[in-house]
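Presented below is the structure to which this report refers.
Within every chain, numbering begins at 1; the chains are lettered A, B, ... in the order of the sequence lines, protein sequences first and strands thereafter.
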Amino acid sequence: VTEVTAQGVDWAAVAPVVLTAATALAVLVADLWLPRRAAGVLTAISVGGTLAALVTVGLLWGDSRATFCVDSGAGVLASCSYVVNPVTLVFQAIVLVGTLVVLLLTHAEITAPADHGRLPGGETGFLVLSSATGALVLAAGRDLATIVVALEVVSLPAFALVGLRRRDPRGAEGALTFFLVSVVSIAVMLYGVSLVYGATGSLYLDQIAAALADPAGRTSVATAGVLLTLVGLAFKVGAVPFHFWVPDTYAGAPVVVAAYLSVVSKAAGLVGIVVVVSQGFPAYADVWAPAIAVIAVATMTLGNVAALRQHRAVRLLAWSSVAQSGYMLVPLGVATSGVTGSRFGEALSAVIAYVCVYAVVNLAAFGVVAIVSRHRPAGLIEDYRGLAYTEPASALALGFGLLALAGLPPGVAGLWAKVVVIDSAVSGEAGWLAVAVAVNTVIGLAYYLRWTALLFARPVAGREAVSYDVPAASGIAVGLALAVGVAFSVLPQVVLGLADVSAGLLG
Amino acid sequence: VIGQVLLHVALAAPLVGCLGLVAAGRRVRDRRSPEVGVVASGIALVALVAAALLVDRDDTGRAQLVTDVAWAPALDLRWHLGVDGLSLPFALLTAVLVFCCSIYTVRVRPEAGRLRAFVAVVLLIEVGMLGTFLALDLLLFFLFFEVVLVPMWFLIAWWGDPHDRPGRTSAATTFILYTLLGSALMLVGFLVVHAQTGTFDMVELAARGGEGISEGAQLLAAVAIVGGLAVKVPVWPLHTWLPDAHAKAPTVGSVLLAGVLLKMGSYGLVRIAVPAVPEGVGRIAPVLGGLAVVGIVYGALACLAQSDLKRLVAYSSVGHMGFVVLGVATLTPAGLNGSVYAGIAHGVITGLLFFLAGAIKDRHGTSEFDRLGGGMYARLPRLGALLTFGAVASLGLPGLAGFWGELLSLIGAFRPAGLLDRPYFLVLLVVALVGLVLTAWYLLVVVRRVCQGDDVIGARLPVLGDVTRHEAASWGPLVALTLVLGVWPGLLLTVVDPAVATLLSGGGS
């Protein structure tokens, strides 16, 4: 039994988390004092705080730190709950950039006329930032208790965000579905954690890893614990069979919240999986890797096939994001050989690279959908017909985002991401997985292309053209995502090299 | 250095033209935009011709004018461009065809309008096509290979057959999904090669000749790469996307599809599959050869059953590409030379035939044989003469371009590479000869039905103009090339042969 002793806290290591949490509170408090008209101040505070947190991540870049550690008895600091390394920082950066874009998009929602589905400014900012705080902790958490708590911190504000638009029954229904599935999955996960704890006697991932590494101590209890622990995280990324909340929840939620769920919340779930399997369960890779491989294929196939039949923009993006989760999981599915080998590092680099690209291009797509859906509340894909004639810049951003999600030029960033994922499957000697991804890319193209083509199609005569009058903050958000996406296309080394550095430290 | 710059100019000119048209938007008037296309594709053509003059023609087995810069080390992706005796003819063919198309577009506008977008799309396709032929890195090749897809979808779906809106959209979608499936499989093959050798460098892979790739991996990679490229070529029975796509595409789209896009597949076979995984290809070559001759006979029979000129030309591609693939499958210098020669000749001749079919369709509103009736000689003598010229060139009349490639492919099949079963290939040879006879038959049927006989519909039509000076200018280069390549095969073969020898020699040299 380890003795817990009080330690000094490394404030620099936790600075991004503290800043984000503080900003969340600041927004909530400021909302009490500010008049309704001053929504711009709220956005300024939340965006400023997020930027500050991003700066701290930048300052920590390349560092490796740990805090909240326990003395393992011999006077040596062994296990830590909060670890900052390049992988942590990459994911924290993704979370913060995603949050930043979402907050900018939210500005148009909180300044809208009251009869036009306005979101409450203080609450929205507070909830988004609170949830983001959880995601930041999740990226750094190295014990199962911290991870479970962080996961709940991501989820709880998200329930409220989904149902934030009052008097919207779809929102309430979406929030309820989300809530119920989340509660069930977290319960299953807690059960798994308890089994793992029972089998290993620890919640710290490094101690769990050490205990599980002994081949003699291999038990079915531990195996069950490992798999059940992953359930809660699989729910978060929307992997099959925990995916069915995704379309209802995305469609019921305000579009900006759906964007948040599909990028930040999903990245959080993914980093959770990455951390838990790589730090805690590497010895059981032969158990969880094939399971993840099967789930990955089921997820991408189901997501793509279901997306083919969608006629509403957000539902299509919801199913597309399910499919994308499948691609992201592929590298982990071939990590079997790699407790010590370099395969594990490669797999993680591939996941990180894919998530970076996905986050950016998906935000570009969601950003444009958020803009358009303000004027076309039905949210049909048909509403996008001829967007290129009225809003050429938005149409280009959405077209780029969709083709990048499909993985075809001109969305070259997505092409590189697909190459990385297929490469990880091939070098993991899982040819069937590579072929599954290849086939799914073809299915995916069918619906991404259908939508892209509509953007540039001639407007239907008789249907009035809507001037979207893109709000400045939304324009900046979409422009930012598009610019980064184009940068990733031209300079893939930026995102791939980033992952390369980090892999060595995690593996 | 100047040579490297020239290759980059050839790639950059159409790209800049495309981006310029998109960025300029309505500031460039629709009807002026074809001139942008002519200038951009003209610059590309001039740059490539200049590059061809710079190339050391005694050493075309080696990649020249090479640029090789790391692009994304994490992905092992390199910006690696160059030309050798194999890529140069294809790159020139591309530049010539796009230039002809651009000139054609100045006068003969697509009915669906949106000329600015049309020109931009064609230029983007040119970037992808040229890049595919100039790339010496597998990933870069893949990137350019994919660049073509989306613009080609738009070209078919927007400017295709104006009378059949759902048909052209579904043809475009079938095209893009099939070819994407093929190229995704091809990517898997490339990555298998990379996993085994640690390099994407085509020159390096050719020099190794499959060394360092285990037997199983060779077979796997060969199946994936050849299978993927076979969709693009297309090899029977993967050809089902082709007839609709070619028939529904606008004239320019058909010309580029048949003239260049199919060659991207056959070029990939010669450039990548054969040298990089020779043993794997050797093991599937009999299957490939068998499918190729089935394609030759099938294409010819399908052509005999067609009632529409444009569809007939489309199906004829299946047969002609069968000869191209048969040449590759023999794995001999003669066969590979024949494959390249037949590919170039098919590009030129079928490009011309699609121009002619388009011109006939524009003038008559239809390209169905029944509605056209006969009597083209009487009605439009020059167009009729050109159609006859194209048809006899296509059937492989000695003295015209179509002859040499198919002859060399057959010679290759007569003496296939040592590891292949000769009696089997002799059977293939016989079947291919039957296909050749059938090909001659259907092309002569075309001439008889369309050109000869009495002009029954002419009286009901408004006066139709014969070949205009403008059309003559845009088709002239193709007619000239058909003649030159027919009477002077050495022009091409002396350039191609050393390259083919290098690719076949592999690690043995």
Side-chain angles (χ1 to χ4, degrees), chain A residues 346 349-350 353 388 392 396 399 403 406-412 415-429 431-446 448-450 452-453 456-458 488-501 503, chain B residues 18-19 22-23 25-26 70-77 112-114 117 121 124 127-128 131 139 142-151 153-154 157-158 169 172-173 176-196 198 216-217 220-221 223-224 228:
Chain A
E346 275 174 31
S349 334
L396 276 182
L403 288 178
L408 263 196
V412 181
L415 179 94
W416 300 137
K418 289 281 190 310
V419 169
V420 166
V421 164
I422 297 180
D423 188 32
S424 75
V426 167
S427 48
E429 289 177 356
W432 66 278
L433 206 52
V435 172
V437 176
V439 171
N440 265 285
T441 313
V442 178
I443 307 176
L445 178 66
Y448 291 123
L449 185 68
R450 181 161 54 98
T452 310
F456 299 93
R458 282 219 171 94
F488 283 173
S489 302
V490 181
L491 301 168
Q493 182 64 20
V494 173
V495 54
L496 298 165
L498 181 98
D500 227 29
V501 177
Chain B
C18 167
L19 293 178
V22 171
R26 281 167 209 141
W71 186 359
L75 214 55
D76 203 7
L77 167 69
R114 293 209 260 193
V121 159
L124 186 55
V127 176
L139 272 189
F142 174 71
L143 171 68
F144 283 120
F145 206 82
E146 301 290 71
V147 163
V148 175
L149 296 184
V150 172
W153 186 91
F154 278 100
W158 279 12
T169 312
T173 306
I176 197 171
L177 295 183
Y178 263 71
T179 37
L180 179 63
L181 182 63
S183 54
L185 277 183
M186 176 183 85
L187 173 66
V188 173
F190 288 175
L191 293 170
V192 169
V193 170
H194 184 258
Q196 298 270 323
L220 187 70
V223 169

Part of [X] lying under 4.5 Å from any heavy atom of chain A:
X         : result
Tyr178(B) : neither
Leu149(B) : side chain
Phe154(B) : side chain
Ala195(B) : side chain

With respect to chain B, which residue among Val419(A), Val437(A), Val412(A) yields the maximal number of heavy-atom pairs within a distance under 4.5 Å?
-> Val419(A)
Among Val420(A), Thr452(A), Val442(A), residue most engaged with chain B (heavy-atom pairs, under 4.5 Å) = Val442(A)
Is it the backbone or the side chain of [X] that comes under 4.5 Å from a heavy atom of chain B, or both, or neither?
X         : answer
Arg450(A) : neither
Leu415(A) : side chain
Leu403(A) : side chain

Among the options [options], pick out the one with the most heavy-atom pairs lying under 4.5 Å from chain A.
options                                   : value
Val22(B), Leu139(B), Val147(B), Leu124(B) : Val147(B)
Leu143(B), Leu187(B), Thr169(B)           : Leu143(B)
His194(B), Gln196(B), Glu146(B)           : Glu146(B)

Matching residue for Leu180(B) among Leu445(A), Ile443(A), Leu449(A) - test: side-chain contact (heavy atoms from CB on, under 4.5 Å) = Leu445(A)
Taking every heavy atom of Ala446(A) against every heavy atom of Leu177(B), the minimum-distance pair comes out as N-CD2, 4.1 Å
Just by distance, do the side chain of Trp71(B) and the backbone of Val490(A) share a donor-acceptor pair under 3.5 Å?
-> yes
Sequence-distant partners of Trp158(B), side-chain hydrogen bond (donor to acceptor under 3.5 Å, both in side chains), two or more places apart = none
Contacts of type side-chain hydrogen bond (donor to acceptor under 3.5 Å, both in side chains), residue Asp423(A), not counting sequence neighbours | none
Taking the side chain as C-beta and beyond, is there a heavy-atom pair between Pro409(A) and Phe144(B) under 4.5 Å?
-> no
